[in-house]
Number of protein chains: 2
Amino acid sequence: MQERECGESAAPLYLRVRDQLASKIEEGSLAPNTRLPSERILAEEYGTTRVTARLALAQLEREGRLFRSNRRGWFVSPPRLIYKPAHDYSFSDYVTAQGRVLETETLDVTPMETSPWLAAKTGLSVGDPIVLLRRRRQIDGRPVLVENIYLNPERLPNIATYDFNRSLWKLLREKYDVELRQKRIEMYPTALVEPQASDIGVTVGTAGLYVTRCSRDAEGRFVELDEEFWLHDALSIQVDVD
Amino acid sequence: MQERECGESAAPLYLRVRDQLASKIEEGSLAPNTRLPSERILAEEYGTTRVTARLALAQLEREGRLFRSNRRGWFVSPPRLIYKPAHDYSFSDYVTAQGRVLETETLDVTPMETSPWLAAKTGLSVGDPIVLLRRRRQIDGRPVLVENIYLNPERLPNIATYDFNRSLWKLLREKYDVELRQKRIEMYPTALVEPQASDIGVTVGTAGLYVTRCSRDAEGRFVELDEEFWLHDALSIQVDVD
DNA sequence: AAGTGGTCTAGACCACCAC
DNA sequence: TGGTGGTCTAGACCACTTG
């Protein structure tokens, strides 16, 4: 009745290699952020070819146990960050609370016009001014996320003049006295493509999680729309409902 | 001498093949649930080998545009189902509301004892009786999800005797007068492994989304713990917060 | 300069599914 | 039974990172 686990000689070779690597990770002989031996060396160790070794590595990557840094090698994934997108308190504060180190870099700030897609999401009119802020965030030195933040310059005058390499939430509170009220969060797993893949420094096609949030103030005025592109193994989403 | 554009080399072949297939999907000449030509034929059409054709197909799979049915072929993904895990009304009702057809199959029902992991999640004591219900759900004939549902037999006497091929939410309301109150939802992207991969009929390593929910009644008593293993391209999560 | 992962070729055999 | 995807071999060259 119960499904049988893979028999040791019946399973495909790449899954047997996967199992051996997974054991090393679980027993701790491969610690988080450790770099693995090269694909060629792994292939030799397991008596197979690079293609098969790569299948095993890719399987562990899909499971969120390994990640790769472009052309630098394969590394053991650290634990997932617990992320509560429904909460509006400072992201950087609770990264710190989980004993991790957050870095934020502003990629660019671009005044632009509201597109039809943005208009539908925000309630602004097509052509209205809007400011696009792109940031990259790293946890413990690893880039795990890039975000497009669309800001409403009518609600946030001179927003483009501030420093964004810090908590946006605190900036909005201190400078604009905004109480964010989340309205709608959407998310789905998908592969990272350009330009996000390059921004994070991963191969096109790396598994990701797309998260978008639209926030308004207490009066219901549109404040900011957030699009986040996460590495799929970097986070675990948590939502509490009462 | 190779021509260069802005210092960048041409895109890899498998991404150019991907682009051409993606165009056909977008322009509608490949409709949802259409089966693609075989890998060997695609390789020939694009003047390359199966390995490269498979790279292109796998890329589109990771993006959620194509899916495969084990050893049957590649198909165009239908639109994602919008899923609101914070709501406790009938899942089947809102699948229907989106114009899709839901089927539910009970895989097995197993009385068992509360494990340490379950105890931590539910608040029950290790060794307490608990009932495991495993179900598979299909949308428009495609299996997209298997779930492990752990039911509290103390709160739900004789629960194992009912028919589960219908809405569990309605069953709990009608037979046990339960008002579910969600407490905590967690989810993260990961690859499907056995036994879920076989239950859904996909290859080990297919991208998935793991969702778990713990529900209690109005008095805070544990009612059921839900573990869902979704195909990653089948859904879009939506959470509204006020 | 050496080594890494990224991409690609041209084959092969197997398990499984539809006809 | 013929065709499919799943797995695997044994090489190759290229782009990029690192020492």
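Remember, it's a predicted structure, so these values are computed and weren't measured experimentally. Computed over heavy atoms, backbone and side chain alike; hydrogens, waters and symmetry mates excluded. Chain letters run A, B, ... following the sequence lines, proteins first, then strands; residues in each count from 1.
Atom CD of A:Glu105 has more than 12 heavy atoms from other residues, nucleotides or ligands within 6.0 Å.
Put simply, A:Arg72 has a side-chain N or O that comes within less than 4.0 Å of OP1 or OP2 on D:dT18. Phosphate contact (OP1/OP2 of C:dG6, side-chain N/O of A:Arg54, threshold under 4.0 Å): present. Within the structure, a side-chain polar atom (N or O) of B:Ser38 is placed less than 4.0 Å from OP1 or OP2 of D:dT4. A close approach under 4.0 Å does occur between a side-chain nitrogen or oxygen of B:Thr48 and OP1 or OP2 of C:dT9. Put simply, B:Thr49 has no side-chain N or O that comes within less than 4.0 Å of OP1 or OP2 on C:dA10. An OP1 or OP2 oxygen of C:dT9 is reached within less than 4.0 angstrom by a side-chain nitrogen or oxygen of B:Thr52.
Put simply, CG on B:Leu57 is 14 Å from P on C:dC8, counting in whole angstrom units. Rounding to whole angstrom units, OH of residue A:Tyr46 and P of D:dA10 are separated by 19 Å. As rounded to whole Å, 7 Å separates atom P of C:dG5 from atom CZ of A:Arg40. Remark: C1' of C:dG5 and CD of A:Glu44 are 17 Å apart, rounded to the nearest angstrom. Regarding A:Glu61, its CD atom lies at a distance of 13 Å from the C1' atom of C:dG6, rounded to whole Å. When the P atom of C:dC17 is taken as reference, atom CZ of B:Phe75 falls 13 Å away, rounded to whole Å. Rounded to an integer number of Å, the gap from A:Leu36 CG to C:dG3 C1' is 16 Å. A:Phe67 places its CZ atom 14 Å from the P atom of C:dG5, with the value rounded to the nearest Å.
Between B:Glu186 and B:Lys121 there is a salt bridge, since a side-chain N of the basic residue sits under 4.0 Å from a carboxylate O of the acidic one.
Aromatic ring pairs are classed by plane angle as parallel below 30°, tilted from 30° to 60° and perpendicular above 60°; the pair B:Tyr210 and B:Tyr188 is tilted. Ring pair B:Trp117/B:Tyr150 is perpendicular by interplanar angle, where above 60° counts as perpendicular and below 30° as parallel.
At least one donor-acceptor pair under 3.5 Å links the side chain of B:Thr34 to the backbone N or O of B:Ala31.
Side-chain proximity of A:Arg35 to C:dT4, C:dA18, D:dG6: nearest is C:dT4. In this structure, of D:dT4, D:dC16, C:dT4, it is D:dT4 that holds the atom nearest to the side chain of B:Ile41. Side chain of A:Val51, nearest nucleotide from D:dC13, D:dT17, D:dG11: D:dG11. In the set D:dT7, D:dA15, D:dG5, D:dA15 carries the atom at the smallest distance from any side-chain atom of A:Arg71. Taking the side chain of A:Tyr14 as heavy atoms from C-beta on, and the options C:dG6, C:dT4, D:dC8, the nearest nucleotide is D:dC8.
Applying the Watson-Crick and G-U wobble criteria (two distances, each under 3.5 Å), D:dT1 pairs with C:dA18.
A cation-pi arrangement is present between A:Arg142 and A:Phe67, with the terminal nitrogen or guanidinium carbon under 6.0 Å from the aromatic centre and inside a 45° cone about the axis.
Place A:Arg50 and A:Leu13 on DNA chain D by their nearest nucleotides, and A:Leu13 ends up nearer the 5' end.
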